[in-house]
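To keep things clear, I will list the structure first and then write my remarks on it.
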Amino acid sequence: MSTASRPSSTFQPIDIVTPDIQFDVTRRFLADPNEDKINLGQGAYRDENGLPWVLPSVQMAKSSLGDINHEYLPIAGFQPFVIEATKLLFDGTEALAEERVASCQSLSGTGALMLIGLTLKKLSAAPDTIYITDPSWVNHHLMFTTIGFKVEQIPYFKNGGFDFDSYISTLKTAIPGSPILLHTCAHNPTGCDPTRDQWMTIGSIIEERGLFPIFDSAYLGFNSGSFSEDAWPIRYFLEHLNVELAVCLSMAKNMGLYGERIGLVTCALSSSSAAKVAQSVLQNVQRATITAPPAYGARVAAAVLRTSSIREQWSKDLVVMSSRIRKMRKRVYKELQLLQTPGDWSHIVRQTGMFAYLGISKTQVKHLEENFHVYMVETSRVSVAGLNDHNVKRFAWALDQTVRSIQ
């Protein structure tokens, strides 16, 4: 067929979508032949040598599995994992004892968010608006607008920290009945979390406005080294407030199961009948999207959670990862102080979790990449896990030189 006789394409140049900024950082990093390049864009833990780390607990779990088949899982997922992960969040609560909980395995945390979003959209009183923080994980806005929500942003970050006053002021105007996305800990991208007193204030307004909190929980245990410590906001809302809620749990970071895509969406509701409705809708939207979630990683995660010796090792692994990240925060700050880098960098040690929000300009971010082979998201969010004793001094020097030369 000649070019002249071919029909015009459905896909036109005007419809092209720009690459995801986070994954495009990794693409550029991998294409860079420089041996001293530093990747601070990817949100994945790296050990002291800059290499992926398979947790000892995960190695133990894998060894315990023996021969397994490769059959499809049920729509709701691998039940031993679903049960253990739900207990991890809700064990000892009235909601679990009274069967007011609905849970479904998901494609990691992203899939959990998708499932709860699609579930809420299927309800007879489907909400139109969802509230997220400004800034937030880049995929939050994309995902919920794709599902059909109107996304409203609540101011969150100012002068290197949590802008509590602006957040509360806007929260008080939220449309009653709307879902609100909460970062349980290790806020992405800022690393700034509310204090417990601030969580209590936030919770009281959410209860007063009749909002539906969705806890995005990608870093439980990975942040402080203690799962229960990091999950405190969830338990507080559940046990002290008269609200229903959902939790979107990922095992990517806290078990290092990134590519296995293992997560859970679970709802704690006001009655067992409401939980049955939620369970039916969750399975319905799972069927409409992926049908059955991944099996192997779910078996690994279940073995970690239900085998006492392996779970004990997992607790130790969480401390190893969280401690190394805190060490790197302190080291970056120390190096910048030694260099007398212009500006106040104390926010790097005040922030928590995998990410630090440097607060430099897009021009400075570009300069770091082009001149020093240091890669990060254009917002200046850096993965602290990408730093180690071999590259942290070089990173601090590159940041110092950039701040001094590029305004």
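Keep in mind that this is a model prediction, so the values were computed, not measured. The figures here come from the full heavy-atom set of this structure, side chains too, leaving out hydrogens, waters and symmetry mates.
One finds the OG atom of Ser103 at 8.5 Å from the CG atom of Leu282 (value rounded to the nearest 0.5 Å). Atom OG1 of Thr86 and atom CG of Asp91 lie 10.5 Å apart (nearest 0.5 Å). For the atom pair CZ of Phe355 and CD1 of Ile325, the computed distance is 9.0 Å after rounding to the nearest 0.5 Å. Taking CG of Leu30 as the start and CG of Asn39 as the end, the distance is 7.5 Å to the nearest 0.5 Å. Taken to the nearest 0.5 Å, the CD atom of Glu239 stands 6.5 Å off from the OG1 atom of Thr93. Considering CD1 of Ile130 and CD of Gln153, their distance stands at 12.0 Å, rounded to 0.5 Å.
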request  = Test side-chain hydrogen bond (donor to acceptor under 3.5 Å, both in side chains) on Thr307 and Ser309 and set out the steps.
outcome  = CA-CA 6 Å; Thr307 310; Ser309 59; over 6 Å; no
task = For the pair Asp165 and Lys158, evaluate salt bridge (Lys or Arg N to Asp or Glu O under 4.0 Å) and give the outcome as yes or no after the intermediate values.
result = CA-CA 10 Å; Asp165 292 338; Lys158 184 178 180 181; over 6 Å; no
message = Before you tell me yes or no, could you show the steps for Asp216 and His140 under side-chain hydrogen bond (donor to acceptor under 3.5 Å, both in side chains), namely the whole-Å CA-CA distance, both residues' side-chain angles and the distance that decides it to 0.1 Å?
response = CA-CA 10 Å; Asp216 187 348; His140 284 151; 2.6 Å; yes
query = Please walk me through it: do Leu399 and Ile360 pass side chain to side chain contact (heavy atoms under 4.5 Å, CB included)?
reply = CA-CA 9 Å; Leu399 180 57; Ile360 61 176; 4.2 Å; yes
key: Trace of the side-chain hydrogen bond (donor to acceptor under 3.5 Å, both in side chains) decision for Ser136 with His141   = CA-CA 8 Å; Ser136 193; His141 190 279; over 6 Å; no
task = Assess whether side chain to side chain contact (heavy atoms under 4.5 Å, CB included) is satisfied between His240 and Met200, documenting all intermediate values.
result = CA-CA 9 Å; His240 297 280; Met200 292 178 186; over 6 Å; no
query = Stepwise, does the side chain to side chain contact (heavy atoms under 4.5 Å, CB included) test hold for Trp53 with Glu48?
reply = CA-CA 9 Å; Trp53 191 52; Glu48 63 274 10; over 6 Å; no
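Judged by distance alone, the side chain of Thr201 and the main-chain N or O of Asp197 form a donor-acceptor pair under 3.5 Å. A donor-acceptor pair under 3.5 Å is formed between the side chain of Asn391 and the backbone N or O of Gly386. For Ser217 (side chain) and Leu220 (main-chain N/O), no donor-acceptor pair under 3.5 Å exists by modelled atom type. Looking only at distances, no side-chain donor or acceptor of Ser9 sits under 3.5 Å from a matching main-chain atom of Gln12. A donor-acceptor pair is defined here as one N or O able to donate and one able to accept, closer than 3.5 Å; no such pair exists between the side chain of Ser323 and the backbone of Val320. Between the side chain of Arg235 and the main chain of Leu89, a donor-acceptor pair closer than 3.5 Å is present. A distance-only check finds no donor-acceptor pair linking the side chain of Ser166 to the backbone of Pro155 [under 3.5 Å]. Side-chain N or O atoms of Arg209 include one that pairs as donor or acceptor with a backbone N or O of Ala174 at under 3.5 Å. Put simply, the side chain of Arg329 gets close to the backbone of Gly353: a donor and an acceptor are under 3.5 Å apart. Counting only distance, with no hydrogens or angles, the side chain of Arg381 and the backbone of Gly41 share a donor-acceptor pair below 3.5 Å.
Closest heavy-atom contact between Glu378 and Lys362: O-CG, 3.6 Å. Contact detail for Val304 and Ala61: the closest heavy-atom pair is CG2-CB, 3.7 Å. Of all heavy-atom pairs between Leu318 and Asn254, the closest is CD2-O, 3.4 Å.
None of Gln279, Gln286, Arg287 except one satisfies the side chain to side chain donor-acceptor pair (under 3.5 Å) rule with Gln283; the exception is Gln279. When Phe215, Tyr131, Phe144 are each tested for a side chain to side chain contact (heavy atoms under 4.5 Å, CB included) with Leu181, only one passes: Phe144. Each of Trp345, Tyr156, Phe162, Phe157 was checked for a ring-ring contact (aromatic ring centres under 6.0 Å, His included) with Tyr357, and the lone residue meeting it is Phe157.
Cation-pi geometry between Lys121 and Phe149 is satisfied (NZ or CZ under 6.0 Å from the ring centre, within 45° of the ring normal). Under the 6.0 Å distance and 45° angle rule, Lys253 does not count as a cation-pi partner of Tyr258.
The environment of Asn34 atom CG is dense: over 12 non-hydrogen atoms of other residues, nucleotides or ligands sit within 6.0 angstrom. Heavy-atom contacts from other residues, nucleotides or ligands closer than 6.0 Å to CG of Asp67 number 12 or fewer. Residue Gln59 qualifies as enclosed at atom CD: its count of foreign heavy atoms under 6.0 Å is above 12.
Contact check on Arg28 versus Asp32 returns no salt bridge, with no Lys/Arg side-chain nitrogen under 4.0 Å from an Asp/Glu carboxylate oxygen. At a threshold of 4.0 Å, the pair Lys87-Glu84 counts as salt-bridged, since one of the basic side-chain nitrogens sits closer than that to a carboxylate oxygen. A salt bridge does not link Glu370 to Lys37: none of the charged side-chain nitrogens sits closer than 4.0 Å to a carboxylate oxygen.
Looking only at side-chain heavy atoms (C-beta outward), Asp317 and Pro56 come within less than 4.5 Å of each other. With a 4.5 Å cut-off on side-chain heavy atoms, Asp230 and Tyr219 do not count as touching. Pro342 is listed as a side-chain neighbour of Arg404, based on a closest heavy-atom distance under 4.5 Å. Side-chain contact between Trp232 and Thr184 is absent, with no heavy atoms from C-beta onward closer than 4.5 Å.
Remark: the Asn159 side chain and the His347 side chain contain no N/O donor-acceptor pair separated by less than 3.5 Å. Using a 3.5 Å distance cut-off with no hydrogens or angles, the side chains of Asn388 and Arg324 do not pair a donor with an acceptor. Residues Glu244 and Ser270 have side chains that bring a donor and an acceptor to within less than 3.5 angstrom of each other. Using a 3.5 Å distance cut-off with no hydrogens or angles, the side chains of Ser228 and Ser226 do pair a donor with an acceptor. Residues Thr129 and Ser178 have side chains that never bring a donor and an acceptor to within less than 3.5 angstrom of each other. Using a 3.5 Å distance cut-off with no hydrogens or angles, the side chains of Arg350 and Ser346 do pair a donor with an acceptor.
Residues that satisfy the side chain to side chain donor-acceptor pair (under 3.5 Å) test with Lys62, not counting sequence neighbours, are absent from this structure.
Annotation: Phe372 is in aromatic contact with His367 [ring centroid separation under 6.0 Å].
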